[in-house]
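Structure first, then comments.
When a ligand or atom number is given, it counts from 1 through the structure's own listing order.
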Amino acid sequence: MDLSESIVFAGGRFCRYDEAKVGLLSHGLNYGTGCFEGIRGYYNEDDRELYLLQLREHYERLHTSAKILMMKLPHSIDELVELTVELCARNRYEENIYIRPLIYKAAEDVGVRLAGVPDAFAIAALPFGKYFDAEAGLNACVSSWRRIDDTVAPARAKITGAYINSALAKSEAQLNGFDEAILLSQDGHVAEGSAANLFLVRRGTLYTPDPSQNVLEGITRRTIVDLAKALDIPVIERALDRSELYGADELFLTGTAAGVTFIRSVDHRIVGAGTMGPVARKLSTHFDAITMGRDPAYRSYLTPTYSGRKVVA
Ligand SMILES: Cc1ncc(COP(=O)(O)O)c(C=O)c1O
């Protein structure tokens, strides 16, 4: 993808993608000392509008991640929301997009540490289609790699360097012929997918690992939990065992990139009927309506970018 002409926000100003530079020796690149967000923009053809989903929640999580890494965002949440709307307006994408805010340690020297190292902040946006084929479902396997434990690296923060954990698990799964990996926690409970949270349905109840299972506290995860409650689907957040995956009626993943994507099989065992189950279908239909601005009850989840550039979220 040629992004050279796209507009980014870097070094405190808007500039072209290829004008924004990161030094070869920068701390963030060498030691993985950065944190980031992934935010989706959904283009609605009928409204001729690009809706940014849960922008404020993403910046709140970035704020927490940054604090954990002893970094400070150079802007308030309100300013970040406005900057992102401005960035989208300048790029004027008329398709679905992915927005990547990033704060990283920018010192160009040698020395692993966090305190006292200067930060840099940037936001980029790029066209983004489907991450998974939601209708085909995923053949998943339990990974031989365990999810990072909070005693090793903060699992709750979205830290650039920690994504080596996801990359190892995802690549192992793909090289072994699967689509996706499910990582267990250090003590053997189900944690999540390589870059998405996991949900299980059994006898009409929705289960998902609680945040103490070293999962990333997904924003889509929270939305799905809230949506399920609003639809009178019972939800239980608790530790889940591996064998519960095999006995599930439905399994699905949620995430900014993944949306709601069902798991067709896990470790060669077909889940339910091997198709998208009724609970996943119901939740994904509602979720899709929310992202496209078609559910008035959830309009506050969206920030429109082009119509008067008025910030709603
Ligand atoms: C490791 C990991 N878990 C879960 C998620 C899902 O989180 P969210 O719904 O906030 O995108 C992501 C994606 O951001 C992720 O990278």
Side-chain angles (χ1 to χ4, degrees), residues 32 34-42 52-66 68 84 96-103 126 128 130-132 134 138 140 143 145-150 152-173 180-186 189-200 206 208-228 237 240 251-263 280 283-284 286-288 290-291 298 301-302 313:
C35 43
F36 67 102
E37 272 305 316
I39 304 169
R40 276 283 208 134
Y42 290 89
L52 308 183
L53 184 64
Q54 293 171 296
L55 198 45
R56 183 171 291 279
E57 285 83 349
H58 281 283
Y59 280 123
E60 281 165 0
R61 185 169 65 186
L62 185 63
H63 175 76
T64 308
S65 299
I68 291 170
T84 309
N96 292 347
I97 62 161
Y98 187 90
I99 301 165
R100 168 57 53 83
L102 171 70
I103 176 166
L126 68 161
F128 193 75
K130 283 186 185 328
Y131 187 68
F132 288 132
L138 301 169
S143 181
W145 295 98
R146 295 281 170 107
R147 168 77 180 154
I148 46 161
D149 189 88
D150 207 59
V152 175
R156 217 167 249 102
K158 213 167 155 58
I159 295 174
T160 55
Y163 273 75
I164 195 64
N165 183 223
S166 302
L168 286 165
K170 177 83 172 189
S171 286
E172 179 195 53
E180 175 61 339
I182 297 173
L183 289 89
L184 304 182
S185 62
Q186 293 298 317
H189 290 118
V190 175
E192 58 183 6
S194 65
N197 293 111
L198 183 135
F199 284 84
L200 180 157
L206 192 58
T208 194
D210 65 89
S212 72
Q213 302 302 314
N214 289 305
V215 298
L216 183 77
E217 293 177 315
I219 288 163
T220 322
R221 174 188 179 281
R222 178 54 46 205
T223 303
I224 291 296
V225 166
D226 292 345
L227 204 50
E237 298 184 41
L240 297 171
L251 290 176
F252 60 90
L253 296 177
T254 67
T256 296
V260 177
T261 303
F262 79 96
I263 295 177
L283 290 165
S284 98
H286 276 80
F287 182 73
D288 289 349
I290 291 172
T291 63
Y298 291 87
Y301 281 39
L302 302 175

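Within the structure, the closest approach of E37 to ligand 1 does not fall below 4.0 Å when heavy atoms are considered. Heavy-atom separations between E217 and ligand 1 are all 4.0 Å or longer.
Among protein heavy atoms, atom 7 (O) of ligand 1 sits closest to G218 CA, 3.4 Å. Closest protein heavy atom to atom 11 (O) of ligand 1: T256 OG1, 2.5 Å. Regarding atom 6 (C) of ligand 1, its nearest protein heavy-atom neighbour is N197 OD1, 3.6 Å. Distance from atom 12 (C) of ligand 1 to its nearest protein heavy atom, with residue and atom name: A195 O, 3.2 Å. Nearest protein heavy-atom neighbour of atom 14 (O) of ligand 1: K158 NZ, 2.7 Å.
Using cut-offs of 30° and 60° on the angle between ring planes, the pair F199 and F252 is parallel.
Taking every heavy atom of I219 and a limit of under 4.0 angstrom, the matching atoms of ligand 1 come to 8 (P), 9 (O), 10 (O). Heavy-atom contacts of G255 reach the following atoms of ligand 1: 6 (C), 9 (O), 11 (O) (cutoff under 4.0 Å).
When all heavy atoms are compared, the tightest approach of A157 to I68 is CB-CD1, 4.0 Å. Minimum interatomic distance between E37 and R100 (heavy atoms only, all atoms of both residues): O-NE, 3.0 Å. The two residues A228 and L206 have their closest heavy-atom pair at CB-CD2, 3.7 Å. The two atoms that bring I148 and A162 nearest to each other are CD1-CB, 3.8 Å, heavy atoms only.
At least one N or O atom of T220, backbone or side chain, sits closer than 3.5 Å to an N or O atom of ligand 1. The shortest N/O to N/O separation between H58 and ligand 1 does not fall below 3.5 Å. The shortest N or O to N or O distance between E192 and ligand 1 is below 3.5 Å. Among the atoms of S166, none of the N or O lies under 3.5 angstrom from an N or O of ligand 1. Looking at R147 next to ligand 1, no N or O pair under 3.5 Å apart turns up.
Between Y163, Y131, F36, it is Y163 that holds the heavy atom closest to atom 15 (C) of ligand 1.
The backbone of A196, and not its side chain, has at least one atom closer than 4.0 Å to an atom of ligand 1 (non-hydrogen atoms only; backbone = N, CA, C, O).
Looking at E180 and T261, their side chains never come closer than 4.5 Å, going by heavy atoms from C-beta outward. Taking 4.5 Å as the limit, every side-chain heavy atom of L53 sits out of range of all side-chain heavy atoms of T223.
Side chains of D150 and N214: a donor-acceptor N/O pair is absent below 3.5 angstrom, by distance only. Side-chain atoms of Y59 and T84 form a donor-acceptor pair, as typed in the model, at a separation below 3.5 Å.
F36 and Y163 have their aromatic ring centers within a separation under 6.0 angstrom.
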